[in-house]
Amino acid sequence: QVRLVESGGGLVQVGGSLRLSCAASITIDSMNIVMGWYRQAPGKPREQLATIYSHNDADVANPVKGRTTVSRDNAKNTVYLQMNNVKPEDTTVYYCRLFYRTLSADYWGQGTQVTVSS
């Protein structure tokens with residue numbers, strides 16, 4: 001079974017930076033694998049933040065574009081989300097996603113809480 005483990009969440013000062021990690025239990029260095037980061041506030045739909053493909057092609061959503069970078073380390077089967085200049089509205093749970101194209105299978109991590117404080 002595919003497992004995704006997020007880490008790096010916690011308390012962050014306003015204007016500071018966070019770096020989240022997502023370690024996958026399978027090889028992600030494949031054209032069949034698409035990795036992504038999402039976040040979901042209470043009572044709201046899950047919001048897509050960033051997507052990264054096997055050859056490092058990446059997309060970042062407009063609300064966080066310019067202060068957010070997604071990257072990967074294929075040797076560690078891990079993807080990262082770097083967010084700078086964090087704001088109070090960034091406070092929520094962040095999730096890692098793995099989509100296996102060939103199988104049309106979607107896998108999610110358990111989420112990691114990020115809280116931005118003054």
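Side-chain atoms of L4 and Q110, non-hydrogen and from C-beta on, never get closer than 4.5 Å to each other. Side chains of V12 and D90 form no contact here, defined as non-hydrogen atoms less than 4.5 Å apart. The shortest side-chain heavy-atom distance between Y80 and L20 does not fall under the 4.5 Å cut-off. Contact check for T68 versus L49: no side-chain heavy atoms found under the 4.5 Å cut-off. When side chains are defined from C-beta on, V64 counts as touching R39, because their heavy atoms get closer than 4.5 Å. Looking at heavy atoms from C-beta onward, Y100 lies out of side-chain contact with V2 at the 4.5 angstrom threshold. Taking 4.5 Å as the limit, some side-chain heavy atom of L18 sits within range of a side-chain heavy atom of M83. In this structure the side chain of T51 never reaches within 4.5 angstrom of the side chain of V70, judged on heavy atoms.
To the nearest 0.5 Å, the span separating OG1 on T102 from CG on N32 amounts to 3.0 Å.
Stacking of R46 on the aromatic ring of Y95 is recorded, both the 6.0 Å distance cut-off and the 45° axial limit being met.
Counting all heavy atoms, side chain and backbone alike, M35 lies closest to C96 at CE-SG, 3.9 Å. Heavy atoms only, all atoms of each residue included: Q82 and S17 are closest at NE2-CB, 3.8 Å. Nearest approach of V86 to R67, heavy atoms of both residues: CA-NH1, 3.8 Å. What you find for T78 and K76 is that their closest heavy atoms are OG1-O, 2.8 Å. Taking all atoms of both residues into account, the shortest heavy-atom contact from N77 to I26 is CG-O, 3.4 Å. In terms of heavy-atom proximity, L98 sits nearest to A24 at CD1-CB, 4.3 Å.
A donor-acceptor contact shorter than 3.5 Å is absent between the side chain of E6 and the backbone of C22. Not one N or O on the side chain of T112 forms a donor-acceptor pair closer than 3.5 Å with the backbone of S7. Between the T27 side chain and the D29 main chain, no donor and acceptor come within less than 3.5 Å of each other.
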List the atom pairs, with distances to 0.1 Å, where a side-chain N or O of residues 52-61 and a protein N or O form a donor-acceptor pair under 3.5 Å, not counting sequence neighbours.
none

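Clustering ILVMFWY residues whenever any of their side-chain heavy atoms sit less than 4.5 angstrom apart, transitively, puts V114 in the very cluster that holds V14. By the criterion of side-chain heavy atoms lying less than 4.5 angstrom apart, applied directly or through intervening Ile, Leu, Val, Met, Phe, Trp or Tyr residues, Y107 is grouped together with W37 in one hydrophobic cluster. Put simply, Y38 and F99 are part of two different groups of oily side chains (I, L, V, M, F, W, Y) that touch within less than 4.5 Å, one to the next.
Heavy atoms of other residues, nucleotides or ligands lying less than 6.0 angstrom from CD of E89 number more than 12. Summarising the local packing, CZ of R101 is surrounded by more than 12 heavy atoms from other residues, nucleotides or ligands at distances under 6.0 Å.
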